[in-house]
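By convention in this document, chain letters (A, B, ...) are assigned in the order of the sequence lines, proteins followed by strands, and residues within each chain are numbered from 1.
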Amino acid sequence: DVVLTQSPATLSVTPGERISLSCRASESVDTYLHWYQQKPNESPRLLIKYASQSISGIPSRFSGSGSGTDFTLSINGVELEDLSIYYCQQGYSLPLTFGSGTKLEIK
Amino acid sequence: EVQLVESGGGLVQPGRSLKLSCAASGFTYSNYVMAWVRQAPTKGLEWVASISTGGGNTYYRDSVKGRFTISRDNAKNTLYLQIDSLRSEDTATYYCAKDYGGYSEFDYWGQGVMVTVSS
């Protein structure tokens, strides 16, 4: 199974900051890496697909990069509404797997 | 508007069975792979099972093989998850998810249904 390791586990941020979240795969997943946002008591929401492809309706401050085993989700100018847990997920091979998440909190 | 509405959850004793349903609308249901993803309380997301567009191919995580059965009724636009021999570790919120890329990314999720396994 592909293991996805996300770091950091928790990130304290100040509104307006540019931040980067990391997701590392135990083996290459090409660009079959997707990012989700989960706000408290809500269902996950797809943010970025195939490492860097944007999703309709998602604010442009969210962007993704990477390929192979190293991936990054960036938020250019964090807003209060971005306080959530962010998960990466690989769609390269079954079983589909998720990272353990990065929790974004206000400093 | 895409909608996925799960039902069928509840409190169940260990060893018993439960069947979850997910009613889909707002898209051509029969064209998409569908999946169940679960989340134990305060834990992360865990893929459970996926089913092909026609229902002929099903895939499961190892820990649920032989106990969970995913199925679909394309005439009713409904996805199912039959859960047998429930264990305490199956306690979770179960999400129905639309798989856009085919065993890849989940572009729409239901609101989730809670399954609690306890005596």
Asker: Using a cut-off of under 4.5 Å on heavy-atom pairs, state which of A/Leu46, A/Leu33, A/Asp1 scores highest against chain B.
Answerer: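 Between A/Leu46, A/Leu33, A/Asp1, the count favours A/Leu46.
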
Asker: Could you tell me whether a side-chain N or O of A/Ser43 sits under 3.5 Å from a main-chain N or O of B/Gly110, the two making a donor and an acceptor?
Answerer: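 Yes; judged by distance alone, with no hydrogens or angles, the pair exists.
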
Asker: Hey, is CZ on A/Arg18 packed in by over 12 heavy atoms from elsewhere, all under 6.0 Å?
Answerer: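 Yes, because the 6.0 Å sphere around CZ of A/Arg18 holds more than 12 heavy atoms from other groups.
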
Asker: Please work out whether the ring planes of A/Phe98 and B/Phe106 are parallel, tilted or perpendicular, with thresholds of 30° and 60°.
Answerer: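 The rings of A/Phe98 and B/Phe106 lie parallel, inter-plane angle below 30°.
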
Asker: Given the options A/Gly101, A/Pro44, A/Ser93, which has more heavy-atom pairs under 4.5 Å with chain B than any of the others?
Answerer: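 Top count of heavy-atom pairs under 4.5 Å with chain B: A/Pro44.
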
Asker: Taking B/Gly44, B/Ala97, B/Ala35 one by one, which has the highest count of heavy-atom pairs under 4.5 Å against chain A?
Answerer: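 Looking at each option in turn, the highest pair count goes to B/Gly44.
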
Asker: With a 4.5 angstrom heavy-atom cut-off, is it the side chain or the backbone of A/Leu96 that approaches chain B, or both, or neither?
Answerer: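 For A/Leu96, the contact with chain B is made by backbone and side chain together.
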
Asker: Please look at B/Glu46 and chain A and tell me whether the side chain, the backbone, both or neither of the residue comes under 4.5 angstrom of a heavy atom of that chain.
Answerer: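 Backbone only.
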
Asker: Using the rule that Ile, Leu, Val, Met, Phe, Trp and Tyr join whenever any side-chain heavy atoms are under 4.5 Å apart, tell me whether B/Val2 and B/Met34 fall into a single cluster.
Answerer: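 Hydrophobic grouping puts B/Val2 with B/Met34.
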
Asker: Apply side-chain hydrogen bond (donor to acceptor under 3.5 Å, both in side chains) to A/Glu42 and B/Gln111, showing your working.
Answerer: CA-CA 7 Å; A/Glu42 292 188 7; B/Gln111 85 285 355; over 6 Å; no

Asker: Taking non-hydrogen atoms and a cut-off under 4.5 angstrom, which of residues 22-29 of chain A neighbour chain B?
Answerer: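 Hits under 4.5 Å: none found.
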
Asker: Side chains of B/Leu45 and A/Gln89: does their closest heavy-atom pair fall under 4.5 Å?
Answerer: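 A side-chain contact under 4.5 Å is absent here.
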
Asker: If you count heavy atoms of other groups shown closer than 6.0 angstrom to OH of B/Tyr100, is the number above 12?
Answerer: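 Not buried by this count: 12 neighbours or fewer within 6.0 Å.
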
Asker: Looking at side-chain heavy atoms only, is the closest gap between B/Glu105 and A/Trp35 below 4.5 Å?
Answerer: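 A side-chain contact is absent here, since even the closest heavy-atom pair is not under 4.5 Å.
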
Asker: Tell me, for A/Tyr50 versus chain B, whether the close heavy atoms (under 4.5 Å) come from the side chain, the backbone, both or neither.
Answerer: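 Just the side chain, heavy atoms under 4.5 Å.
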
